[in-house]
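Chain letters run A, B, ... following the sequence lines, proteins first and then strands; every chain starts at 1.
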Amino acid sequence: MAFDIFVIAEHRDGKLKKSTGELLTVARKLAAAGGGKVLAAAIGAGASKTASDLAAWGAGTVLIAEGPALEHYSSLRWTRVICDAIATRKPAVILMTVSSLSRDLAGRIAARANAVLASDCTALSAEGGGFKLVRPILAGRALVTAAHAGPAPLLATLRPNVFAAEKPAQPGAGSIETLAVADDPKDARVTVKSFVAGGGTRPELAEAAIVVSGGRSLGSADAFKIIYELADSLGAAAGASRAAVDAGYAPHSIQVGQTGKTVSPVLYIACGISGAIQHLAGMRTSKYIVAINTDANAPILKLADYAIIGDEFEVVPLLTEEFKKALKT
Amino acid sequence: MKIAVCVKLVPSTTALIRVVPGGKSLDFTGVEMVLSPYDEFALEEALKVRDKIPGSEILVVSVGGEASTKILEHAYALGVENCVLVKAPDADAPAAARCAAAVLKPYTPSLVICGRQSIEDDQWQFTGMLAELLDLPHVTAVSSFALAADNVMAECKRRIEGGEETIDVALPALISAEKGLNDPRSPTLKGRLNAKKKQIAVKMPAELGIDAGALSPSLKIEAYAPPPPKSPGKVIAKPPKEAAAELVRLLREEAKVI
Ligand SMILES: Cc1cc2nc3c(=O)[nH]c(=O)nc-3n(C[C@H](O)[C@H](O)[C@H](O)COP(=O)(O)OP(=O)(O)OC[C@H]3O[C@@H](n4cnc5c(N)ncnc54)[C@H](O)[C@@H]3O)c2cc1C
Ligand SMILES: Nc1ncnc2c1ncn2[C@@H]1O[C@H](COP(=O)(O)O)[C@@H](O)[C@H]1O
């Protein structure tokens, strides 16, 4: 039986997030294995602007839901649009990125669409007519391999940066269909009233290819400047340990770890971070890890691919200079 | 106002958890079990709301094994009115959500508060499912919660990628707590003594109309594995300036990441 794969695109005002390319790459592989189609849905203000990009990433059908009722995010309205699409298109798999959006929606969609949810997947493949996936549990202390054979659809949220994003040689047909939005007054019970942008010009932490993080040993908010400068020299996002956040040196929005954000960049640079289990929970799937630490026995060194044993106040500014030089050539 | 809080017992975040050779199960012997950290914020927010609105009461629900009485005793010591334990030790998030919904539906709470995520299977699944089963609007990972004067609407703040959302939600509603929502209190001695007089109501899923099928796991777990071992990395033993240059070279030429 052919199975279709349904990708929920993420975008802000029509600009696709990088991770959506990753979802569509996985979707194409799964669809190819099952002889099915790739569908992608974009919802909210600017959604129709994503259509050509979604086609370029291989979506055969692009479902657009836009309009006054979807001007501002509402978990109930989004759930309705997505679940109506699932009911009519009957995909075998629904893919979302691990993000604030999927954290808010996935459980609700799974309950309404009778889907089986697997959060935070780091591997997903079609196998023997069903699907096999890997997800970390217990803050990364163990990995679970699980199987899903249907008939209920599988709703999988995928960690950003873990799956490759490759554009297909041939774009998908990208035939656009507009999703009607049934306006149930009950959906007005929750709605986003306002959004205040913060975080400045650095890339989004959860999606950044490079993350530079600082720990408690920086000693002040002012000293965190050296972390931001190193991050900026690489076009990286900045992160912090919980101890640094609790001490007020960095905002909670950039905390990495179990009680903060999970990141999985290509390169993670930990400056003066000991590597407590709860910090590792948020970054251990990074591809390359660099540690700068005065203590050659700090636990982070067990995970580090490269380490400099030294004082961050000395090493970090030197690194910033070296990166600036290297990236100019 | 009737307020409900859902709490879960989880392994302590620092405990060493081994995969049993063969990968068929995890070894929890000797592992300390604790209240899931985010649920502390959920309990505190419930106490704050109750103390603000005269005539309010709190019902705390946990779905789990006998050991979960520990966290319900803690809730009593904090001063909540009622605790229910649904005995379903092997329930996964969807099954637990069904059990909790069966308890909460007849209770008709105006506000249900959960933690952002249980730090065990990290599914972020229970809250959205429970909200759907109870037909309540929900807001996840709330870092600020303010009831409007009428106690019918509430304003929530939630940090998302690139900024912060302010969300209006109509009660009855479900919210999940993010760190920073409040400062959880500790039980007082008097609270602890009072807790000893309180009874935890124990329910079996069957009593709640939940059959074995609704408790069976949604995903078939095939194997557990420890995180992949890392081969020892390179320590660049050079004076700072040379070390910095060498690191940049390695990241460029060996790792090829910049
Ligand atoms: C339930 C729970 C949840 C938690 N969640 C998180 C979380 O999400 N994220 C998180 O990070 N933590 C979390 N923690 C806290 C965690 O256990 C650690 O306390 C925290 O990660 C330590 O932060 P740190 O590495 O900055 O500080 P420390 O552990 O104090 O380490 C400082 C490090 O800096 C090094 N150092 C000192 N001076 C210098 C210098 N001049 N140059 C270079 N290196 C130097 C030291 O050798 C040491 O390795 C959690 C804890 C609990 C109990
Ligand atoms: N078995 C359970 N019993 C009661 N509450 C639960 C249970 N599992 C999850 N919860 C609640 O749901 C939140 C999120 O859990 P999860 O969806 O498992 O990440 C937790 O912080 C609890 O408030």
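- With a threshold of 4.5 angstrom between heavy atoms, A:L205 does not approach chain B through any atom at all.
- Summarising the geometry of B:A4 relative to B:L104, their closest heavy-atom pair is CB-CD2, 3.6 Å, with the distance given to 0.1 Å.
- When all heavy atoms are compared, the tightest approach of B:A15 to B:V31 is CB-CG1, 3.5 Å.
- Counting only heavy atoms from C-beta outward, the side chains of A:F323 and B:L251 approach each other to under 4.5 Å.
- Proximity to chain A is limited to the side chain of B:R252, based on heavy atoms less than 4.5 angstrom apart.
- Contacts between A:L267 and chain B at a heavy-atom distance below 4.5 Å involve the side chain alone, from C-beta outward.
- A 6.0 Å sphere centred on CG of B:D183 holds no more than 12 heavy atoms belonging to other residues, nucleotides or ligands.
- Side-chain contact annotation: A:T259 with B:K179, donor-acceptor N/O pair under 3.5 Å absent.
- Both the backbone and the side chain of A:S99 come within contact range of chain B, each with at least one heavy atom under 4.5 Å from a heavy atom of that chain.
- Minimum interatomic distance between B:P227 and A:G140 (heavy atoms only, all atoms of both residues): CG-O, 3.2 Å.
- Using a 4.5 Å cut-off between heavy atoms, B:Y38 touches chain A through its side chain atoms alone.
- Both the backbone and the side chain of B:S218 come within contact range of chain A, judged by heavy atoms closer than 4.5 Å.
- For A:L301, no part lies under 4.5 angstrom from a heavy atom of chain B.
- In plain terms, the two heavy atoms of B:V142 and B:S144 that are nearest each other are CG1-O, 3.1 Å.
- Of the atoms belonging to A:K261, not a single heavy atom falls under 4.5 Å from chain B.
- Contacts of A:Q258 with chain B are made by both backbone and side-chain atoms, with heavy-atom separations under 4.5 Å.
- Per-residue counts of heavy-atom pairs under 4.5 Å with chain B were compared for A:I292, A:V134, A:L318; the largest is that of A:L318.
- Chain A forms the most heavy-atom pairs under 4.5 Å with one residue out of B:A131, B:P226, B:P217, and that residue is B:A131.
- In terms of non-hydrogen atom pairs under 4.5 Å with chain A, the most contact-rich of B:K238, B:K241, B:R158 is B:R158.
- For B:I160, the parts lying near chain A are the backbone and the side chain together; criterion is any non-hydrogen pair under 4.5 Å.
- The choice from A:L138, A:T285, A:D311 that makes the most heavy-atom pairs within less than 4.5 Å of chain B is A:L138.
- Contact of A:Q255 with chain B is made through the side chain alone, with heavy-atom distances under 4.5 Å.
- Contacts between A:D246 and chain B at a heavy-atom distance below 4.5 Å involve the side chain alone, from C-beta outward.
- When all heavy atoms of B:A93 and B:F126 are compared, the pair lying nearest together is O-CD1, 3.9 Å.
- Ranked by heavy-atom pairs under 4.5 Å with chain B, the list A:L133, A:T145, A:I137 is led by A:T145.
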| field | side-chain contact (heavy atoms from CB on, under 4.5 Å) evaluation trace for A:S286 with A:S264 | value | CA-CA 4 Å; A:S286 306; A:S264 202; 5.5 Å; no

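- Heavy-atom neighbours of B:R18 CZ from other residues, nucleotides or ligands within 6.0 Å: at or below the threshold of 12.
- A donor atom on one side chain and an acceptor atom on the other are found under 3.5 Å apart for A:Q278 and B:T13.
- Using a 4.5 Å cut-off between heavy atoms, A:V316 does not touch chain B at all.
- Only the backbone of A:A304 comes within contact range of chain B, with heavy atoms under 4.5 Å apart.
- Contact of B:E178 with chain A is made through the side chain alone, with heavy-atom distances under 4.5 Å.
- When each of A:V192, A:V116, A:D104, A:T320 is checked for heavy-atom pairs under 4.5 Å with chain B, A:D104 comes out on top.
- Of the atoms belonging to B:L26, it is side-chain heavy atoms, and not backbone ones, that fall under 4.5 Å from chain A.
- When heavy atoms are compared at a cutoff of 4.5 Å, B:A141 does not approach chain A at all.
- Among A:L101, A:I308, A:I109, the residue with the largest count of heavy-atom pairs under 4.5 Å with chain B is A:I308.
- In this structure, the portions of A:L117 lying under 4.5 Å from any heavy atom of chain B include both its backbone and its side chain.
- Of the two parts of A:K287, only the backbone, made up of N, CA, C and O, holds a non-hydrogen atom closer than 4.5 Å to a non-hydrogen atom of chain B.
- Of the listed residues (A:A142, A:S74, A:A188), the greatest number of heavy-atom pairs within a distance under 4.5 Å of chain B belongs to A:A142.
- Contact annotation for A:L76: only side-chain heavy atoms (C-beta onward) come within less than 4.5 Å of a heavy atom of chain B.
- Residue contact with chain A, scored on non-hydrogen atoms closer than 4.5 Å, involves the side chain of B:R116 exclusively.
- Side-chain contact between A:K132 and B:E222 is present, with at least one heavy-atom pair separated by less than 4.5 Å.
- A:L154 touches chain B through its side chain: at least one heavy atom from C-beta onward sits under 4.5 Å away, while N, CA, C and O do not.
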